[in-house]
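So the structure is just underneath, and the comments pick up after that.
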Amino acid sequence: MTDNNNPSFNSYDREESSPLLKKNLEDNDKVSSDAKTDTATPGSAGPEYGCTVNGLPLTHGSVMGEPMGRTQWDSSLFACLGRNDDFCSSDLEVCLLGSMAPCVLYGSNAERLGSTPGTFANHCLPYTCLYLIGNSFFGGNCIAPLFSYPSRTAIRRKFNLEGSCEALNRSCGCCGSFVEDDLKREQCESACDFATHFFCHTCALCQEGREIRRRVLHPGFNAQPVLVMIPPGEQSMGRGA
């Protein structure tokens, strides 16, 4: 009869029933100690990536989960006639509206950016009033840019577009200290958006119009389809001959 209360027998039985148990326990202890060492080591955490004020990423990453890089505008600021592509007719329309009726172009841009039908008048009418006041009292359109420049900032943030400070830093290496700091860079970009609208107002509106028309459909095209029921025509039974 075997005595199960014998401690030496119990330990021997456990080792005999599972000969790899001791080895597995040693491996687990080693792995856990390595994990603790890695956790306690300063700087062992993964790389941290900065984001803009509204959460947009800064740099490009090739692995899923890493930040994506910013894209450039589809056309430059002074490309008045746009590009020779499928949107060339739309670019010509934008150029004419920006030159002759900037209030209409600004309202159309705001409506497409918000993707909500009916917002055209809410942006076009205030712009028209400021446009008339500026031209009447100051001889130029110098007040409306104060009202319209936030749309450029909204477009840049929504589509993750490259700002003026980042473009200057990419081309000539200046504005490095502003680009590295998220808050300073965003403040600098907002100031550049205002300066662009104030000094090159028509060109800024046209560039924004070309960009939005290539990325967003008009809200009128997002309407739900209507199902029309057509009743069947009158039927008559013919009597056979």
Side-chain angles (χ1 to χ4, degrees), residues 50-58 69-83 91 94-114 122-124 126-216:
C51 295
T52 59
V53 176
N54 66 332
L56 292 178
L58 290 178
R70 297 186 184 276
T71 58
Q72 299 182 12
W73 292 76
D74 187 78
S75 58
S76 63
L77 180 64
F78 301 107
C80 301
L81 299 179
R83 296 170 52 187
D91 294 343
V94 167
C95 181
L96 292 176
L97 287 176
S99 303
M100 304 178 63
C103 57
V104 177
L105 179 59
Y106 172 71
S108 176
N109 292 346
E111 187 177 26
R112 287 174 181 265
L113 183 62
N122 297 333
H123 293 81
C124 181
Y127 182 95
T128 303
C129 295
L130 296 176
Y131 179 85
L132 295 176
I133 292 174
N135 282 273
S136 300
F137 292 95
F138 302 100
N141 187 17
C142 58
I143 301 180
L146 301 174
F147 176 73
S148 62
Y149 88 91
S151 64
R152 187 174 185 85
T153 303
I155 294 171
R156 180 172 51 80
R157 290 178 178 178
K158 182 174 183 178
F159 302 122
N160 195 24
L161 298 175
E162 188 180 53
S164 301
C165 290
E166 291 177 322
L168 289 175
N169 183 65
R170 176 175 53 83
S171 59
C172 59
C174 61
C175 303
S177 59
F178 290 97
V179 174
E180 293 175 358
D181 187 82
D182 298 342
L183 183 59
K184 290 182 178 180
R185 190 197 66 253
E186 189 61 28
Q187 293 175 351
C188 180
E189 297 292 3
S190 299
C192 291
D193 293 339
F194 168 74
T196 304
H197 262 254
F198 189 82
F199 294 105
C200 304
H201 183 62
T202 303
C203 296
L205 287 180
C206 291
Q207 185 188 28
E208 295 162 12
R210 294 191 298 268
E211 191 73 29
I212 291 178
R213 280 160 175 75
R214 282 171 168 79
R215 294 178 179 269
V216 182

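A quick note: this is a predicted structure, and the numbers were derived from the prediction, not measured. For the numbers below, each heavy atom of this structure counts, side chains included, while hydrogens, waters and symmetry mates do not.
- The side-chain contact (heavy atoms from CB on, under 4.5 Å) test applied to Q187 returns L183, not counting sequence neighbours.
- Using a 4.5 Å heavy-atom threshold, the side chains of E186 and R157 count as touching.
- At least one donor-acceptor pair closer than 3.5 Å links the side chain of E189 to the backbone N or O of C165.
- At least one side-chain heavy atom of N135 sits less than 4.5 Å from a side-chain heavy atom of N141.
- Contact detail for Y149 and S190: the closest heavy-atom pair is CE1-O, 4.1 Å.
- No side-chain donor-acceptor contact under 3.5 Å links R83 to the backbone of D91.
- The backbone N or O of S75 sits less than 3.5 Å from a side-chain atom of Q207, completing a donor-acceptor pair.
- Interatomic distance, OG of S148 versus CZ of F194, reported as 9.5 Å (0.5 Å rounding).
- Annotation for G82 and R210: closest pair CA-CD, 3.7 Å, computed over non-hydrogen atoms.
- Here the SG-OH distance, from C142 to Y131, works out to 11.5 Å after rounding to the nearest 0.5 Å.
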Could you give the side-chain donor-acceptor pairs of residues 94-110 under 3.5 Å, partners two or more places apart or in another chain?
unit_1	atom_1	unit_2	atom_2	d
S99	OG	C95	O	2.9
S108	OG	R213	NH2	3.0
N109	OD1	R213	NH1	3.1
N109	ND2	L105	O	3.4
N109	ND2	L205	O	3.4

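- Tested against E208 for a side-chain hydrogen bond (donor to acceptor under 3.5 Å, both in side chains), the candidates R156, R112, H197 yield a single pass: H197.
- Counting heavy atoms from C-beta outward, C206 and C80 have side chains that stay 4.5 Å or more apart.
- Looking only at distances, no side-chain donor or acceptor of Q72 sits under 3.5 Å from a matching main-chain atom of L161.
- Distance check, rounded to the nearest 0.5 Å: CD1 of I143 to OH of Y127 gives 11.5 Å.
- Ring planes of F147 and H123: tilted class, angle from 30 to 60°.
- Taking OG from S151 and CG from D193, the interatomic distance works out to 9.0 Å, rounded to the nearest 0.5 Å.
- Cation-pi contact between R152 and W73: present, with separation from the ring centre below 6.0 Å and deviation from the ring axis of at most 45°.
- Atom CD1 of I155 is separated from atom CD of E211 by 8.0 Å, given to the nearest 0.5 angstrom.
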